[in-house]
Amino acid sequence: MSKHVLRATVLAIALSPACAAWSHPESPDADIAQRSDASASSRSARFDEIMRRHAIPGAQLIHSHDGVYDTYVHGVMRNQTGGRVTSQTVFQAASLSKVVGAYITLRLVDQGRMDLDTPLWDYWHSNRTEANPAAHGITARMVLNHTTGLPNWQISPSNPVIDSTPLVSQFEPGARFSYSGEGFYLLQRTLEHVTGLDWSTLAEREVFARLDMPSSHYRTDPAFDALNAAGHEKDGSVRPDRVFAWENTAWTLVTNAHDYNNFIQAALYKGEGLEPSTHAMMLTRSSDADDQAVPSPADPFIDWGLGVGIQSANGRKFVWHWGDNPGFKALFMLEPATGESIVLFTNSENGLETYREVLELFLGAGDYPVVDWARAQS
């Protein structure tokens, strides 16, 4: 339970066999807690209905607002064999992994271990970019705002030969936006060289231990076997279980809504562990997020900060990221002005189909161009 929780659960109602909601006060204000209970109670049935209609086997969601956070769980960890999703179930976070990696990078910048605008090549000569002079100009800032010129993946990130596969640039670093997992993996390997620590150790030290994230890990941990949600195809068939044999900050984070909500609220909303100027820079436009390869009508409303997307629409600003692993879909959105946020994990290829309805249910009516932008990229 979050370190911000001051007393025990005040709501535990199963509105159907598949869905339950709990409200966790972050302050001792009883009136706020009672209002939250009523909201959580009315939203639970709707959340469950959305998940059922889109054939989502299992899901977790946390909605933080007004000094409380409400936890919702739906369905099962694995079709056919059952096992209910609980608040302890862990999901593949997919590209939500990158946001934690961005925060670690900025922590090291504040510690004087890295400079955002010094080429990564100056810190470490990767064999993957040795024969690519253009890539020698890639900086940490370019990685975080996706202007490296590298492809999303040169080779499948689960392929063991990835660390010996040369990277080929698509354009000169800094020229324009193009979403890249390879950029984040190159940055990870550089930070490991700079600190002398493997990524799991670095993430534990800089994030997980500090922000109360006990269920989070980048490399498969057998201790969580009984808590792992299985991924599912659109037809509900179960995908083979995946083992992350090595860490990749672009896509291998396994976590749950409790842990990731703690990260969103502490690191992204409050800026804990960052200099105020660094925190502000993270959430400020750094690139336009207009990907020439996949243009979208949502482009005018989406920018990119340092590791996070930025949506500006309907007079509101949100920072956000989506996750898209086979069989798992994830999303978070945070309104920096108020601290209101949601984090959603689903164990289904259908997960993206729920995003718009979930956002309207928890964050209010309005346009959410992030859904169209994420759909174009997925």
*Asks:* Establish, from distance only, whether the side-chain atoms of Thr118 and Asp115 form a donor-acceptor pair under 3.5 Å.
*Replies:*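 Short answer, yes.
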*Asks:* Could you tell me whether the side chain of Tyr355 reaches within less than 4.5 Å of the side chain of Val370, counting heavy atoms only?
*Replies:*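 With C-beta onward as the side chain, the pair stays apart.
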*Asks:* Under 3.5 Å, side chain of Asp291 to main-chain N/O of Ala293, donor-acceptor pair present?
*Replies:*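 Confirmed, Asp291 side chain pairs with Ala293 backbone.
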*Asks:* Please test Glu357 against Arg46 for salt bridge (charged side-chain N to carboxylate O under 4.0 Å, His left out), starting from the C-alpha separation and ending with a verdict.
*Replies:* CA-CA 10 Å; Glu357 292 175 88; Arg46 177 62 176 150; 3.4 Å; yes
*Asks:* Do Tyr179 and Ser95 have side-chain N/O donor and acceptor atoms under 3.5 Å apart?
*Replies:*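 Side chains of Tyr179 and Ser95: pair found under 3.5 Å.
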*Asks:* Consider only side-chain heavy atoms of I, L, V, M, F, W and Y, link residues closer than 4.5 Å, and tell whether Met282 and Leu253 are in one cluster.
*Replies:*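 Per the 4.5 Å side-chain linkage, Met282 and Leu253 are co-clustered.
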*Asks:* Does either side chain, that of Asn132 or that of Ser169, offer a donor lying less than 3.5 Å from an acceptor on the other one?
*Replies:*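 Present: a donor and an acceptor within the cut-off.
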*Asks:* Taking Leu108 as the starting point, is it possible to reach Val100 by hopping between hydrophobic residues whose side chains are less than 4.5 Å apart?
*Replies:*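 Per the 4.5 Å side-chain linkage, Val100 and Leu108 are co-clustered.
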*Asks:* Quick check: are there more than 12 heavy atoms from other residues, nucleotides or ligands sitting under 6.0 Å from CD of Glu233?
*Replies:*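 Yes, enclosed.
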*Asks:* Between Phe184 and Trp251 (judged by ring centroids, cut-off 6.0 Å), do the two rings come close enough to count as a pair?
*Replies:*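 No.
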*Asks:* Within the 4.5 Å heavy-atom criterion, are Asp70 and Tyr72 side-chain neighbours or not?
*Replies:*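 Yes, their side chains come closer than 4.5 Å.
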*Asks:* Does Gln60 use its side chain to pair, donor to acceptor, with the backbone of Ala257 at less than 3.5 Å?
*Replies:*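 Yes, because the side chain of Gln60 sits within donor-acceptor range (under 3.5 Å) of the backbone of Ala257.
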*Asks:* Compare every heavy atom of Ile342 with every heavy atom of Phe362, then report the nearest pair and how far apart it is.
*Replies:*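 Nearest heavy atoms, Phe362 then Ile342: CB-CG2, 3.7 Å.
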*Asks:* Would you confirm whether the ring centroid of His217 sits within less than 6.0 angstrom of the ring centroid of Phe224?
*Replies:*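 Yes, ring centres under 6.0 Å apart.
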*Asks:* Can you pull the salt bridge (Lys or Arg N to Asp or Glu O under 4.0 Å) pairs that have at least one residue in residues 92-105, sequence neighbours excluded?
*Replies:*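 Found none.
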*Asks:* Judged by atom type as modelled, is there a donor-acceptor pair below 3.5 Å linking the side chain of Gln265 to the main-chain atoms of Ser64?
*Replies:*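 Absent.
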*Asks:* To the nearest 0.5 angstrom, please state how far the OG atom of Ser97 sits from the OH atom of Tyr260.
*Replies:*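 Going from OG on Ser97 over to OH on Tyr260, the span is 7.5 Å.
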*Asks:* Could you please spell out the steps behind the salt bridge (charged side-chain N to carboxylate O under 4.0 Å, His left out) verdict for Asp324 and Lys329?
*Replies:* CA-CA 5 Å; Asp324 182 15; Lys329 301 294 177 277; 2.8 Å; yes
*Asks:* Between the main-chain N or O of Pro151 and the side-chain N or O of Glu182, is there a donor-acceptor pair closer than 3.5 Å?
*Replies:*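 Between the backbone of Pro151 and the side chain of Glu182 there is no qualifying donor-acceptor contact (under 3.5 Å).
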*Asks:* Is the closest side-chain donor-acceptor distance between Thr346 and Ser348 under 3.5 Å?
*Replies:*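 Short answer, no.
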*Asks:* Donor-acceptor pair, Asn347 side chain versus Met77 backbone, under 3.5 Å?
*Replies:*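 Looks like yes, one N/O pair under 3.5 Å.
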*Asks:* Looking only at side-chain N and O atoms, does Gln88 offer a donor or acceptor that is under 3.5 Å from a partner on His258?
*Replies:*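 The criterion, which ignores hydrogens and geometry beyond distance, is not satisfied for Gln88 and His258.
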*Asks:* Can you tell me if Asn145 and Ser287 form a side-chain donor-acceptor pair at under 3.5 Å?
*Replies:*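 Absent: no donor and acceptor within the cut-off.
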*Asks:* Could you give all pairs that pass the ring-ring contact (aromatic ring centres under 6.0 Å, His included) test and reach residues 280-306, with sequence neighbours left out?
*Replies:*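 Sorted result for residues 280-306: His146-Trp304, Phe177-Trp304, Trp304-Trp320, Trp304-His321, Trp304-Trp373.
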*Asks:* Does the gap between the ring centers of Phe263 and Tyr103 come in under 6.0 Å?
*Replies:*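 Yes, the ring of Phe263 comes within the 6.0 Å limit of the ring of Tyr103, centre to centre.
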*Asks:* May I ask you to check whether Trp322 and Ser378 show a side-chain donor-acceptor distance below 3.5 Å?
*Replies:*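 Result is yes, a qualifying pair exists.
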*Asks:* State, with a plain yes or no, whether a side-chain heavy atom of Ile162 is found less than 4.5 Å away from one of Tyr185.
*Replies:*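 Sidechains of Tyr185 and Ile162: in contact.
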*Asks:* Cationic tip of Arg176 within the cone over Phe171's six-membered ring, i.e. under 6.0 Å and within 45° of the normal?
*Replies:*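 Yes - Arg176 lies over the ring of Phe171, closer than 6.0 Å to its centre and within 45° of its axis.
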*Asks:* Hey, does Thr105 have a side-chain heavy atom less than 4.5 Å from the side chain of Leu187?
*Replies:*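 Touching, per the 4.5 Å side-chain cut-off.
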*Asks:* Verify whether one side chain among Thr201 and Glu204 offers a donor that lies under 3.5 Å from an acceptor in the other.
*Replies:*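 No - no donor-acceptor pair under 3.5 Å links their side chains.
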*Asks:* Considering residues at least two apart in sequence or located in another chain, which fulfil the side-chain hydrogen bond (donor to acceptor under 3.5 Å, both in side chains) criterion with Gln80?
*Replies:*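 Applying side-chain hydrogen bond (donor to acceptor under 3.5 Å, both in side chains) to Gln80 gives none.
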*Asks:* With Leu306 as reference, evaluate Leu116, Val143, Val109 under the side chain to side chain contact (heavy atoms under 4.5 Å, CB included) test and give the passing residue.
*Replies:*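 That would be Leu116.
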*Asks:* Using a 4.5 Å cut-off on heavy atoms from C-beta on, say whether the side chain of His279 contacts that of Glu275.
*Replies:*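 Glu275 does not reach His279 side chain to side chain.
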*Asks:* On a heavy-atom basis, which atom in Gly101 and which in Thr249 lie closest, and how many Å separate them?
*Replies:*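 Result for this residue pair: CA-OG1, 3.4 Å.
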*Asks:* Using modelled atom types only, decide if a donor and an acceptor are shared between the side chain of His232 and the backbone of Asn79 within a distance under 3.5 Å.
*Replies:*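 Between the backbone of Asn79 and the side chain of His232 there is a qualifying donor-acceptor contact (under 3.5 Å).
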*Asks:* Does any N or O in the side chain of Asp259 come within less than 3.5 Å of the main-chain N or O of Ser216, such that one atom is a donor and the other an acceptor?
*Replies:*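 Answer holds: yes.
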*Asks:* Flag the pair Ile264 / Ser341 as yes when at least one side-chain heavy-atom distance between them is below 4.5 Å, and no otherwise.
*Replies:*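 A side-chain contact under 4.5 Å exists here.
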*Asks:* Grab the two heavy atoms, one from Thr129 and one from Leu167, that are nearest each other, plus how far apart they are.
*Replies:*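 Heavy-atom minimum between the residues: CG2-CD1, 3.9 Å.
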*Asks:* Using modelled atom types and a 3.5 Å cut-off, is there a donor and acceptor pairing between side-chain atoms of Asp299 and backbone atoms of Ser296?
*Replies:*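 The answer is yes, because a donor-acceptor pair under 3.5 Å joins these two groups.
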*Asks:* Looking only at the side chains, is there a donor atom on one of His54 and Asn350 sitting less than 3.5 Å from an acceptor on the other?
*Replies:*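 No.
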*Asks:* Any side-chain donor-acceptor pair under 3.5 Å between Tyr368 and Asn314?
*Replies:*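 Result is no, nothing qualifies.
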*Asks:* For the residue pair Thr139 and Asp117, confirm or rule out a side-chain donor-acceptor distance under 3.5 Å.
*Replies:*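 Distance-only check fails for Thr139 and Asp117.
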*Asks:* Could you check Glu247 against Arg189 for salt bridge (charged side-chain N to carboxylate O under 4.0 Å, His left out), going step by step and ending with a plain yes or no?
*Replies:* CA-CA 10 Å; Glu247 311 93 324; Arg189 290 306 198 199; 5.4 Å; no
*Asks:* Can you check whether Met213's main-chain N or O pairs, donor with acceptor, with Asn262's side chain at less than 3.5 Å?
*Replies:*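 Such a contact is absent between Asn262 side chain and Met213 backbone.
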*Asks:* Between the main-chain N or O of Ala298 and the side-chain N or O of Asp372, is there a donor-acceptor pair closer than 3.5 Å?
*Replies:*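 Here the side-chain-to-backbone pair does not exist.
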